[in-house]
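Each chain gets a letter, A, B and so on, in the order its sequence line appears, and its residues count up from 1. FYI, side chains are in, hydrogens and waters are out, and symmetry mates aren't considered; it's all heavy atoms of this structure.
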There are 2 protein chains.
Amino acid sequence: MTPQRQMVLDVVCEIGDHARPEQIYELVQQKSPAVHRATVYRTLKLLCELGLVTDTTTAEGHMVYEIAGKQPHHHLVCRCCGADLEFPDEDYRAFVDKLEEKSGFRIEATHITLSGLCPDCQK
Amino acid sequence: MTPQRQMVLDVVCEIGDHARPEQIYELVQQKSPAVHRATVYRTLKLLCELGLVTDTTTAEGHMVYEIAGKQPHHHLVCRCCGADLEFPDEDYRAFVDKLEEKSGFRIEATHITLSGLCPDCQK
DNA sequence: ATGGATGCAAAAGTTTTGCAAAGAA
DNA sequence: TTCTTTGCAAAACTTTTGCATCCAT
């Protein structure tokens, strides 16, 4: 675990929510401008493989990272204001379980992001 | 509705499943090599706005298009062999309805794609 | 002629890769 | 030394945009 890797991990922790690579890169830059973008990408991929962070794809197709080890949960992201509401796994899990049973597929999407409008932006 | 647009629409129909822009472009190319990639992209965007096709983002973050007007449905895509199984809306709808009620969000993801392993590839 | 559609080239955004230098084991 | 990590630059991939031309009204 090199300083660069620690820093990337810290930043992902710090952001807490869904962290996009560019956002991570910018924060890392602020702390240590020498760290290269490629290092951030390589590190994120590595941290994923190590299971320290998880990756998801948003409904808009952006890769987002998050610290692993939290309770399984998912995200509702407001496409208008960006508000990010986590929701617990139980309902999704029930849905996926039923789907696996019916289809025979083993579903690997363990962390999903749904896009929509938050209560405020619906007004 | 120009010949180019008709051709893009036809190809999306023809592919049936989730059609990726490059795949669409290639098939259009075979029929009419003069059609430019930018035209395909512009046309897909237009057809979306017209409601003739729908777009989704796969779990891998790729944009995929599909002819509109089908019954609401979703996709299970095998990350190993690419098999694409559609599943009906009902269970997803029930899940989303519950989620909307609990969260206050209006969820706009009306066409989702989950990634996993098909029965064959689990062996 | 007016306005939209197209082809083209170029840009833009994101992510990956090859390679050489630097560092640690 | 040997293996890994890093910084760098460049490529790769996907999508968008500006502009001139073309076509149909």
Could you tell me the separation between the [atom1] atom of [X] and the [atom2] atom of [N], rounded to a whole number of Å?
| X | N | atom1 | atom2 | result |
| --- | --- | --- | --- | --- |
| Leu44(B) | dA5(C) | CG | P | 15 Å |
| Met7(B) | dG7(C) | CE | C1' | 14 Å |
| Glu49(A) | dT5(D) | CD | P | 11 Å |
| Glu60(B) | dT16(C) | CD | P | 13 Å |
| Met63(A) | dC13(D) | CE | C1' | 15 Å |
| Gln4(B) | dC8(C) | CD | C1' | 14 Å |
| Met1(B) | dA24(D) | CE | P | 16 Å |
| His62(B) | dG13(C) | NE2 | C1' | 15 Å |

For [N], does OP1 or OP2 lie under 4.0 Å from any side-chain N or O of [X]?
| X | N | answer |
| --- | --- | --- |
| Thr2(B) | dC23(D) | no |
| Thr39(A) | dG7(D) | yes |
| Arg42(A) | dG7(D) | no |
| Arg37(B) | dT15(D) | no |
| Lys45(B) | dT15(D) | no |
| Tyr41(B) | dT16(D) | no |

Inset, instruction - Would you classify Ala38(A) as touching base, sugar-phosphate or nothing, given that sugar-phosphate means primed atoms plus P, OP1 and OP2, and contacts are heavy atoms under 4.0 Å? - result: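 Contact class for Ala38(A): base.
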Inset, instruction - Mind checking Arg5(B) for me? I need base, sugar-phosphate or nothing, with any heavy atom below 4.0 Å counting as a touch. - result: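 Sugar-phosphate contact only - Arg5(B) comes under 4.0 Å of backbone atoms but never of a base.
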Inset, instruction - Could you tell me which non-hydrogen atom of Val64(A) sits nearest to which non-hydrogen atom of Arg20(A), and how far apart they are? - result: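 Result for this residue pair: CG1-CG, 3.4 Å.
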Legend entry - Derivation of the ring pair (Phe, Tyr, Trp, His ring centres under 6.0 Å) call for His111(A) and His73(A): CA-CA 7 Å; His111(A) 186 181; His73(A) 66 280; 5.1 Å; yes
Can you tell whether the side chains of [X] and [Y] come within less than 4.0 Å, N to carboxylate O?
| X | Y | answer |
| --- | --- | --- |
| Arg106(B) | Glu100(B) | no |
| Lys70(A) | Glu86(A) | yes |
| Lys102(A) | Asp91(B) | yes |

